[in-house]
Colleague: 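One structure is given below, represented as structure tokens, and several questions about it will come after.
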There are 2 protein chains.
Amino acid sequence: MLIRVDPASDTPIFAQIVASVHADAAAGRLAAGDRLPSARDVAGSLGINLHTVLRAYQQLRDEGLVDMRRGRGAIVTDAVEPLAHLHHDIAALVARARTLGLAADTLAALVKETYR
Amino acid sequence: MLIRVDPASDTPIFAQIVASVHADAAAGRLAAGDRLPSARDVAGSLGINLHTVLRAYQQLRDEGLVDMRRGRGAIVTDAVEPLAHLHHDIAALVARARTLGLAADTLAALVKETYR
DNA sequence: AAACTGTTCTAGTATTTATAGAACAGTTTG
DNA sequence: CAAACTGTTCTATAAATACTAGAACAGTTT
């Protein structure tokens, strides 16, 4: 499993890590029981700080997407399944929004707002 | 037209203003030619700074959602129409995500990530 | 002419983000 | 058991972002 980050992006690094895991989960590249790479490994290979990675992992834990215990690492829970099921619908919406010339941020904000 | 903001939220105030306008546009409560309330009015009624409101308006301008000129204010462009057209699809996706117990932030991040 | 609008400028404070290092406490592996 | 690995917690610091504040400016509308 690979986590990507763009240092030049305006979105915080920890948020990019979270988004990267979300994307993998939605695409079916993560199954319940899988283990995320250790925070020290991610920090080392991406050239970022351990605490930054852990902050991302802790957010994923708060979302219920992983279980975390020292010594074992971050284990994906069965909460990934809903993400994988939604993947098709999300892709369809994004495709339509794209033809309408909508920006990614705009659509994301719209979705978030509609939730309330 | 009413703009809402939650001071206790973790998302920046200017981003909340942008999201509020997005939501109104998507719900069909904004049409091309409509004028947003003046930045000074919004700042005054919400108890926030003029510059904070203007930052939000300038982002809406960068998205092409409004035209801004001094003296006239922020006028909604016909770029709102795509938003209104997507409203139904977004609501459907959100409804399904909700039954799956997905958090708003998670779905929004997922949508944003899928855009790439 | 007056009142209104966004624009631009400088300035300061508070919060968030990212980094750094160390020590701790469980789990797994040899 | 012992070693290596994992997340957890702590203090600290630097940098970037968000917000506020006040003033002056320059168009537009009434």
Side-chain angles (χ1 to χ4, degrees), chain A residues 1 3-21 30 33-77 79 105 109 112, chain B residues 1 3-21 30 33-77 105 108-109 112:
Chain A
M1 130 136 245
I3 292 181
R4 294 180 217 79
V5 151
D6 175 17
S9 169
D10 56 333
T11 66
I13 297 175
F14 81 91
Q16 292 184 49
I17 295 175
V18 171
S20 179
V21 175
L30 279 181
D34 287 353
R35 205 191 79 169
L36 299 189
S38 87
R40 279 180 179 83
D41 280 357
V42 175
S45 61
L46 294 184
I48 59 181
N49 196 274
L50 165 66
H51 299 85
T52 305
V53 180
L54 282 174
R55 174 161 178 186
Y57 278 20
Q58 282 155 12
Q59 179 168 328
L60 292 169
R61 181 197 54 194
D62 291 346
E63 292 174 358
L65 214 60
V66 298
D67 275 334
M68 287 173 75
R69 291 190 193 165
R70 31 191 165 190
R72 296 209 300 181
I75 311 293
V76 176
T77 71
D105 282 338
K112 198 170 164 184
Chain B
M1 130 139 242
I3 291 181
R4 293 179 217 79
V5 150
D6 174 17
S9 170
D10 56 333
T11 64
I13 298 175
F14 81 91
Q16 292 185 48
I17 295 175
V18 170
S20 179
V21 174
L30 279 182
D34 286 354
R35 205 192 79 168
L36 300 188
S38 86
R40 279 181 179 82
D41 280 356
V42 174
S45 61
L46 294 184
I48 59 182
N49 196 274
L50 164 66
H51 299 85
T52 304
V53 180
L54 282 174
R55 172 159 181 188
Y57 278 20
Q58 282 154 12
Q59 177 168 328
L60 292 170
R61 181 197 55 195
D62 292 346
E63 292 174 0
L65 214 61
V66 298
D67 275 333
M68 286 173 75
R69 291 189 193 165
R70 31 190 166 190
R72 295 211 298 182
I75 311 292
V76 176
T77 71
D105 282 337
K112 199 170 163 185

Colleague: By nearest nucleotide on DNA chain C, pick out whichever of A39(B) and F14(A) is the more 5' one.
Modeller: A39(B)
Colleague: Does Q16(A) offer a backbone N or O that forms a donor-acceptor pair with the side chain of T11(A) under 3.5 Å?
Modeller: no
Colleague: What is the distance from CZ of R35(A) to C1' of dT27(C), rounded to the nearest Å?
Modeller: 11 Å
Colleague: Identify the two heavy atoms, one from T52(B) and one from F14(B), that lie closest to each other, and give their separation to 0.1 Å.
Modeller: O-CB, 3.7 Å
Colleague: Let me know the distance between CZ of R70(A) and P of dC5(D), rounded to the nearest Å.
Modeller: 18 Å
Colleague: Counting only Watson-Crick or G-U wobble pairs whose two distances fall under 3.5 Å, which nucleotide matches dA24(D)?
Modeller: dT7(C)
Colleague: Quick check: on DNA chain C, is the nucleotide nearest T11(A) upstream (toward 5') of the one nearest R72(A), or the reverse? Name the residue that is more 5'.
Modeller: T11(A)
Colleague: State whether the side chain of Q59(B) and the backbone N or O of V18(B) hold a donor-acceptor pair below 3.5 Å, judged by distance alone.
Modeller: no
Colleague: Give L54(A) one of three labels, base, sugar-phosphate or nothing, depending on what nucleic acid heavy atoms sit under 4.0 Å from its own.
Modeller: base
Colleague: Which nucleotide, if any, forms a Watson-Crick or G-U wobble pair with dT30(D), using both distances under 3.5 Å?
Modeller: dA1(C)
Colleague: Compare every heavy atom of R35(B) with every heavy atom of G73(B), then report the nearest pair and how far apart it is.
Modeller: CA-CD, 4.4 Å
Colleague: Output the rounded distance in Å from CG (N49(A)) to P (dT13(D)).
Modeller: 16 Å
Colleague: Within the pair T52(A) and dT19(C), is there a side-chain N or O less than 4.0 Å away from OP1 or OP2?
Modeller: yes
Colleague: In terms of the nearest nucleotide of DNA chain D, which residue is placed more toward the 5' end: H51(A) or Y57(A)?
Modeller: Y57(A)
Colleague: Is the phosphate of dT17(C) approached by R55(A) (side-chain N or O, under 4.0 Å from OP1 or OP2)?
Modeller: yes
Colleague: Whole Å only: how far is the CZ atom of R61(A) from the C1' atom of dT9(D)?
Modeller: 12 Å
Colleague: How long is the line joining CG of L50(B) and C1' of dA23(D), in whole Å?
Modeller: 12 Å
Colleague: Under 4.0 Å from OP1 or OP2 of dT5(C): is there any side-chain N or O of S38(B) that close?
Modeller: yes
Colleague: What integer distance in Å separates M68(B):CE from dT29(D):P?
Modeller: 15 Å
Colleague: To the nearest Å, how far apart are Q59(A) CD and dT8(D) C1'?
Modeller: 18 Å
Colleague: With no hydrogens and no angle check, is any side-chain donor or acceptor of S45(B) less than 3.5 Å from a backbone partner on D41(B)?
Modeller: yes
Colleague: Starting at CD of Q58(B) and ending at P of dT5(C), how long is that distance when rounded to a whole Å?
Modeller: 16 Å
